[in-house]
Amino acid sequence: AEVEANPPRKRGKDIRGAKELLRKLKQTRHASEVLQLLDECDELHIDVFVITTVVGKLRRLGKSREALQLFERTRARGVKQNVATYSAAISACGRDWKKALKLFDELRELRMEPNIITYN
């Protein structure tokens, strides 16, 4: 069952927290800093945009394993993913083409349409 990414009672705090998290991510140049920010992701009921941004940032900083763990963790919490999030996770698979194909199949099973980024 899907859960709402931002329950109403915490939405205002979470929006401010997510904006601050995104601001910090833009400034971050080291994977260790992003990994510290992951703890904030667990504390906030963040939206799919923030999750996608963090997954992509971790991948670009060479922390693909952590990117995929975040993707799986948020999905297990019931946060609805979108094609951009799946694309970021597929990209994080690197040379693990079996994992990438598994995620691609899941994307299609969820009736999401892959885009040019997904195929890259």
Side-chain angles (χ1 to χ4, degrees):
E2 292 177 11
V3 295
E4 185 178 358
N6 291 313
R9 69 183 184 286
K10 295 183 76 178
R11 190 168 280 145
K13 175 184 177 258
D14 289 343
I15 289 170
R16 287 189 301 278
K19 285 181 180 178
E20 179 66 15
L21 178 62
L22 287 172
R23 186 189 65 72
K24 289 177 184 178
L25 280 171
K26 285 182 182 179
Q27 298 171 351
T28 300
R29 300 273 187 258
H30 302 284
S32 61
E33 294 171 11
V34 177
L35 293 174
Q36 283 181 305
L37 293 173
L38 286 179
D39 291 334
E40 292 180 36
C41 287
D42 279 341
E43 293 170 13
L44 296 172
H45 291 280
I46 56 174
D47 66 14
V48 68
F49 177 76
V50 174
I51 294 165
T52 303
T53 303
V54 176
V55 169
K57 183 73 170 194
L58 284 169
R59 181 198 55 80
R60 287 188 300 279
L61 292 172
K63 294 293 184 180
S64 292
R65 183 173 53 89
E66 289 83 351
L68 290 169
Q69 286 173 346
L70 175 63
F71 174 80
E72 294 295 337
R73 199 165 65 215
T74 56
R75 192 167 61 164
R77 284 180 20 201
V79 177
K80 185 178 178 184
Q81 309 294 351
N82 64 19
V83 68
T85 312
Y86 268 91
S87 295
I90 289 168
S91 182
C93 290
R95 294 184 179 190
D96 186 353
W97 59 269
K98 288 181 181 180
K99 175 70 175 171
L101 285 175
K102 181 179 180 240
L103 290 174
F104 185 82
D105 288 343
E106 287 175 19
L107 174 85
R108 297 297 302 250
E109 287 172 15
L110 293 169
R111 299 199 192 305
M112 290 186 214
E113 202 57 43
N115 60 27
I116 190 76
I117 295 168
T118 311
Y119 288 110
N120 263 338

> How many angstroms lie between CZ in R73 and CD in E66, if you round to the nearest 0.5 Å?
Replying inline: 10.0 Å

Under 3.5 Å donor-acceptor pairs involving side-chain atoms of residues 95-104, not counting sequence neighbours:
residue, atom, partner, partner atom, Å
D96, OD1, K99, N, 3.2
K99, NZ, E72, OE2, 3.1

>> Going by side chain to side chain donor-acceptor pair (under 3.5 Å), name the residues that satisfy it together with T52, two or more places apart in sequence or in a different chain.
In response: T85

> Looking at OG of S64 and CD of Q69, how far apart are the two atoms once the value is rounded to the nearest 0.5 Å?
Replying inline: 11.0 Å

> Looking only at heavy atoms, what is the nearest atom pair of A88 and G56, with distance?
Replying inline: CB-N, 4.3 Å

> Which atom names give the shortest non-hydrogen contact between V83 and P114, and what distance separates them?
Replying inline: CG2-CA, 4.1 Å

> Which is it for R65 and L58 under the side-chain contact (heavy atoms from CB on, under 4.5 Å) test, yes or no, and what are the steps along the way?
Replying inline: CA-CA 9 Å; R65 183 173 53 89; L58 284 169; over 6 Å; no

> Hey, are R59 and S91 close enough side-chain-wise for a donor-acceptor pair under 3.5 Å?
Replying inline: yes

> Which distance, rounded to the nearest 0.5 Å, do you find between the CZ of R77 and the CD1 of I51?
Replying inline: 6.5 Å

> What pairs of residues pass the side chain to side chain donor-acceptor pair (under 3.5 Å) test when at least one of them lies in residues 107-117, not counting sequence neighbours?
Replying inline: N115-T118

> Roughly how far, to the nearest 0.5 Å, is the CZ atom of R75 from the CG atom of L70?
Replying inline: 11.5 Å

> Which heavy atom in Y86 sits nearest to a heavy atom in Q81, and how many Å separate them?
Replying inline: CE1-CB, 3.7 Å

